[in-house]
Amino acid sequence: MIVAPAGATSTGRGNRVAPTLVAGVDVSYDKTSPRITAAAVMMNVTTGEEVEAAVVHGEVSFPYVPGLLALREVPILLAALGRLVHRPEAVVCDGYGIAHPRRFSLACHLGVVTRLPTFGVAKTPFVATYDEPGPRRGDRSSLCDGDDVLGQVLRTQDDVKPVFVSVGHRTSLDQAASLTLDLSPRYRLPEVIRRADFLSREALRRNENR
DNA sequence: GCGACAG
DNA sequence: ATCTTGTCGC
């Protein structure tokens, strides 16, 4: 007989095992120069272990404009992702996906270009309205714009500010939120994002003092 | 017109 | 994003 693989969904089309190899990406900026650094970190969600990491240096090529973050960060993020040996089954971005004024932000751009499943986990509200979710880990509410559900406001730790999860490319909101919780066993933000943030900062500092 | 505005 | 002191809590 035929048996569904572990982690497979049971609802019709789009069946897919939950991703195991997940990458997180982030960019750090230098205050007094155009130098920037990006890091891509891949972890095995099942074991919680880091599989590999890549860091790249570059320069800002576009100013920060609310709503156009992708134009600023996608190029160097692609460079960092390109240095990974393994192909991630999903990529987590530090920012938004479709919860955006034009419904197409960082995680969407990165997903379309790489053809990888992507989603965004943002730290502060940007667009859409929401009700404050409950106080416990796993409590959530919808990020809405009228009748459109653009994402979830998700509490990843008890009594800690929630994060804003939105789909980027080839993934469902439920899977993105579920994966965000799996990736955040101890702290507010996904471990891959914390690691990418740390590594990009560290590399930037090192590059500054030379 | 005014204010707000991911990272 | 980055800067930046003290402070509250495990």
Side-chain angles (χ1 to χ4, degrees), chain A residues 23-41 55-81 91-113 118-130 135-137 141-145 148-154 156-169 173 176-177 180 184-190 192-209:
Chain A
V25 293
D26 192 31
V27 181
S28 288
Y29 297 82
D30 182 11
K31 183 192 178 184
T32 58
S33 88
R35 286 181 297 208
I36 59 177
T37 301
V41 176
V55 172
V56 298
H57 295 281
E59 294 196 347
V60 289
S61 57
F62 199 85
Y64 170 68
V65 180
L68 301 182
L69 185 63
L71 299 184
R72 183 170 167 83
E73 299 198 340
V74 163
I76 194 167
L77 290 180
L78 285 175
L81 279 174
V91 178
V92 190
C93 300
D94 188 355
Y96 283 94
I98 65 171
H100 174 271
R102 301 275 145 43
R103 305 287 185 269
F104 207 84
S105 191
L106 186 59
C108 303
H109 284 262
L110 205 57
V112 169
V113 174
T118 63
F119 62 93
V121 176
K123 300 180 287 297
T124 60
F126 183 32
V127 292
T129 60
Y130 61 94
R136 315 294 287 178
R137 169 178 160 87
S141 59
S142 293
L143 247 189
C144 297
D145 181 18
D148 298 336
V149 174
L150 302 182
Q152 274 185 18
V153 183
L154 175 66
T156 55
Q157 297 297 327
D158 292 354
D159 304 310
V160 164
K161 284 197 308 178
V163 296
F164 301 78
V165 180
S166 58
V167 166
H169 188 63
L173 181 53
T180 298
S184 316
R186 177 82 175 86
Y187 299 101
R188 180 187 178 222
L189 297 177
V192 284
I193 292 296
R194 288 168 45 80
R195 281 290 294 161
D197 178 81
F198 179 83
L199 292 177
S200 61
R201 260 192 232 282
E202 182 184 59
L204 184 63
R205 274 192 1 238
R206 194 174 305 172
N207 198 41
E208 283 173 345
N209 305 322

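Chain identifiers are assigned alphabetically (A, B, ...) following the order of the sequence lines, protein sequences preceding nucleic acid strands; residue numbering begins at 1 within each chain. Computed from a predicted structure; not experimentally measured.
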Tell me the interatomic distance from [X], atom [atom1], to [N], atom [atom2], rounded to whole angstroms.
{"X": "A:L110", "N": "B:dG7", "atom1": "CG", "atom2": "P", "value": "16 Å"}
{"X": "A:K123", "N": "B:dC5", "atom1": "NZ", "atom2": "P", "value": "15 Å"}
{"X": "A:F126", "N": "C:dA1", "atom1": "CZ", "atom2": "P", "value": "14 Å"}
{"X": "A:I76", "N": "C:dA1", "atom1": "CD1", "atom2": "P", "value": "15 Å"}
{"X": "A:I36", "N": "C:dA1", "atom1": "CD1", "atom2": "P", "value": "14 Å"}
{"X": "A:R188", "N": "C:dG9", "atom1": "CZ", "atom2": "P", "value": "20 Å"}

According to a strict under-4.0 Å criterion, is [X] in side-chain N/O contact with OP1 or OP2 of [N]?
{"X": "A:R72", "N": "C:dA1", "result": "no"}
{"X": "A:K31", "N": "C:dA1", "result": "no"}
{"X": "A:T124", "N": "B:dG7", "result": "yes"}

Subject >> A:E59 (side chain) donor-acceptor with A:S33 (main chain) under 3.5 angstrom >> reply: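 No; judged by distance alone, with no hydrogens or angles, the pair does not exist.
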Original post:
Which listed nucleotide (B:dC5, C:dA1, B:dG7) is nearest to the side chain of A:D26?
Top reply: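 When the side chain of A:D26 is considered, B:dG7 is the closest of B:dC5, C:dA1, B:dG7.
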Subject >> Pairs meeting criterion salt bridge (charged side-chain N to carboxylate O under 4.0 Å, His left out) with involvement of residues 194-203 of chain A, two or more places apart >> reply: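 Listed once each, the pairs are A:E50-A:R195, A:E191-A:R194, A:D197-A:R201, A:E202-A:R206.
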Original post:
Do A:F164 and A:Y130 have ring centroids that are under 6.0 Å from one another?
Top reply: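 Judged by ring-centre distance (under 6.0 Å), A:Y130 and A:F164 do meet the cut-off.
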**OP:** Using only heavy-atom distances, determine whether the side chains of A:Y29 and A:E73 contain a donor-acceptor pair under 3.5 Å.
**Re:**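 Yes, because at least one side-chain N or O of A:Y29 sits under 3.5 Å from a partner of the opposite role on A:E73.
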**OP:** Please state whether the rings of A:F104 and A:H109 are parallel, tilted or perpendicular, taking 30° and 60° as the class boundaries.
**Re:**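 Aromatic pair A:F104/A:H109 classed perpendicular.
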Please work out if [X] contacts a base, only the sugar-phosphate, or nothing of the nucleic acid, heavy-atom cut-off 4.0 Å.
{"X": "A:G120", "result": "nothing"}
{"X": "A:Y96", "result": "base"}
{"X": "A:L68", "result": "base"}

**OP:** Return the stacking result for B:dG7 and A:Y64: yes when the ring centres lie under 5.5 Å apart and the planes under 30°, no otherwise.
**Re:**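 Whether judged by distance or by angle, A:Y64 passes, so it stacks on the base of B:dG7.
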